[in-house]
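Single-structure report; data block below.
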Amino acid sequence: MQAQDIHAVPPDPYRAWFQCIAGCPGRYSLKEIIYECPRCGNLLEVRHDLDLLRKKTPEYWKDLFDQRLMRTQWPYGSSVWGKREMVCPEVEDANVVSTLEGGSNLFWAERLGNEIGVRDLWVKLCGNSHTGSFKDLGMTVLVSMVRQMISGGVEIPAVACASTGDTSAALAAYCAVADIRAVVFLPRNKVSTAQLIQPIAHGAVTLAIDSDFDGCMALVRELCTRHDIYLANSMNSLRVEGQKTVSIELVQQFDWQVPDWVVIPGGNLGNVSALGKGFQLMRELGMISKLPRIACAQAQRANPLYLSYLKGFDDFEPVQARPTLASAIQIGNPVSIEKAIRTLKDFDGVVEQATEAELADAAARADRTGLFNCPHTGVALAALFKLVERGVIHKRERVVVISTANGLKFPEFKIQYHEERLPEVASRYRNTPIDVPADYDKVRDAVLRAIEGRS
Ligand SMILES: *Cc1c(COP(=O)(O)O)cnc(C)c1O
Ligand SMILES: [Zn+2]
């Protein structure tokens with residue numbers, strides 16, 4: 001028996017392809033290097049052969065996904081690859097590059113929910129993952145497809161992305177796992193120290209550029225077009241396929257019940273589109289019978305979607321994004337704008353925004369109930385508070401907030417908050433260490449005073 005027979009898999013009967021989101025005719029193989037419709041320039045999306053998927057019952061799929069989740073059979077323990085028939089059937093198991101992504105916990109925010117009167121409040125902790133953000137969910141699909149193409153003889157010298165910090169961390173890690181060259185473009189001084197050190201540690205070619213995300217994006221696009229370097233930004237819709245599993249997984253965690261609301265922070269708007277795509281697929285296959293409503297949350301300093309929402313999505317104008325603590329969503333010209341607007345229309349969606357003070361206080365307030373939030377999750381929580389206050393989200397409803405990154409990636413944000421060093425932020429929930437000499441009486445006095453002060 002030859003060694004490669006071990007990896008031989010029966011031909012996968014499921015099929016998927018790229019197709020234009022504006023409905024132009026033409027299907028393109030997932031193995032083609034193509035990001036935009038050659039006819040109209042719009043983004044592409046991955047379509048699945050639903051007739052093939054419908055040959056199995058909804059119960060079959062739910063049972064299958066439940067059996068695989070977080071078990072040991074490679075690569076199905078990954079919540080992305082455990083759903084591979086609906087994600088990316090074109091990659092052979094031997095080419096999957098996975099860190100067993102997904103399976104992140106759904107935190108019952110009981111205390112925070114009680115504070116705001118929403119009893120059924122949950123936070124999906126997508127930042128509890130290999131590189132500390134939800135970007136792993138999409139990157140595993142993209143890098144696996146690159147490995148599939150390379151194994152088929154395609155020459156890909158490197159994979160590159162522009163990033164606000166988390167995409168580059170994920171790209172660098174997955175490329176390191178697969179021994180593929182990674183190149184990341186970062187806006188200088190606009191990502192956290194933790195985010196900067198991740199691609200460096202993984203050996204990626206790391207460029208710090210005197211520009212913002214939108215500027216880095218323009219540069220990396222040009223480089224990729226001219227030099228056959230594979231582009232890993234979310235205009236590459238393979239990432240959306242992996243990210244859409246977050247909606248399947250969270251419904252799975254509720255024993256296949258659909259929540260009433262999902263609140264999600266948005267920057268480039270790939271994730272809000274991905275979330276919607278997962279729910280729509282489940283409904284088309286009969287796995288769920290209703291859709292949630294979606295609330296997209298933006299930082300006020302980078303709010304082009306919010307401004308368009310105020311005008312009923314009649315038109316859209318990019319903005320110049322201003323510096324925000326929510327640095328991963330400091331994007332003025334989101335690439336997935338059309339997909340996101342379509343999603344929000346289909347999901348009876350709303351858009352809300354948060355100021356710097358609102359996002360920082362919301363993150364800190366929720367930290368006091370046991371969470372440890374990144375600033376982007378702070379944006380989503382601030383939006384939640386406002387929507388509940390205005391009665392848009394009703395107190396009886398089941399609400400899931402998507403936490404997009406781990407708070408540990410943003411220590412500067414946390415420290416400066418509690419030291420009252422953030423501009424425009426009054427740090428309502430600050431907590432500061434007490435300096436005391438090593439003297440029992442002084443220590444006792446300090447502790448007792450502090451404990452009383454709390455009650
Ligand atoms: C990428 C990112 C977002 C925004 O996701 P989009 O798909 O660009 O809208 C939000 N939060 C964090 C932590 C991120 O890394
Ligand atoms: Zn088109």
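Computed from heavy atoms alone, side chains included, the values below leave out hydrogens, waters and symmetry copies. Remember, it's 1-based here, ligands and their atoms both numbered in the order they're listed.
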With a 4.0 Å heavy-atom cut-off, what residues sit around ligand 1?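 Residues within 4.0 Å of ligand 1: Phe134, Lys135, Asp166, Gly266, Gly267, Asn268, Leu269, Gly270, Asn271, Ala328, Ile329, His376, Thr404, Ala405.
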With the side chain counted from C-beta on, respond yes when Leu275 and Val246 share a heavy-atom pair under 4.5 Å apart, and no when they do not.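 When only atoms from C-beta onward are counted, Val246 and Leu275 do touch, with a gap below 4.5 Å.
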N-O pairing of [X] and [Y] below 4.0 Å:
X	Y	result
Lys386	Glu358	yes
Arg368	Glu115	no
Arg322	Glu424	no

Distance-only donor-acceptor pairs under 3.5 Å for side chains of residues 160-173, two or more places apart:
residue, atom, partner, partner atom, Å
Ser163, OG, Gly165, N, 2.7
Ser163, OG, Thr167, N, 3.4
Ser163, OG, Ser168, N, 3.0
Ser163, OG, Ser168, OG, 3.0
Thr164, OG1, Ala328, O, 3.0
Asp166, OD1, Gln195, NE2, 3.0
Asp166, OD1, Lys409, NZ, 2.6
Ser168, OG, Gly165, O, 3.2

Quiz question: by atom type and distance under 3.5 Å, do the side chains of Tyr174 and Thr140 form a donor-acceptor pair?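 On atom types as modelled, these side chains do not qualify, holding no pair under 3.5 Å.
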Is it true that Thr324 and Glu356 share a donor-acceptor pair across their side chains at a distance under 3.5 Å?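 Yes - a donor-acceptor pair under 3.5 Å links their side chains.
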Under 2.8 Å from the Zn ion (ligand 2), which protein N, O or S atoms are there? Could you list them by chain and number?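 The answer is Cys20 SG, Cys24 SG, Cys37 SG, Cys40 SG.
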Listed by chain and number, what are the side-chain contact (heavy atoms from CB on, under 4.5 Å) partners of Glu412, not counting sequence neighbours?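 Listed in chain order: Ser192, Thr193, Gln416.
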Look at the rings of Trp108 and Trp122 and say which category their plane angle falls in: under 30° parallel, 30 to 60° tilted, over 60° perpendicular.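 Aromatic pair Trp108/Trp122 classed parallel.
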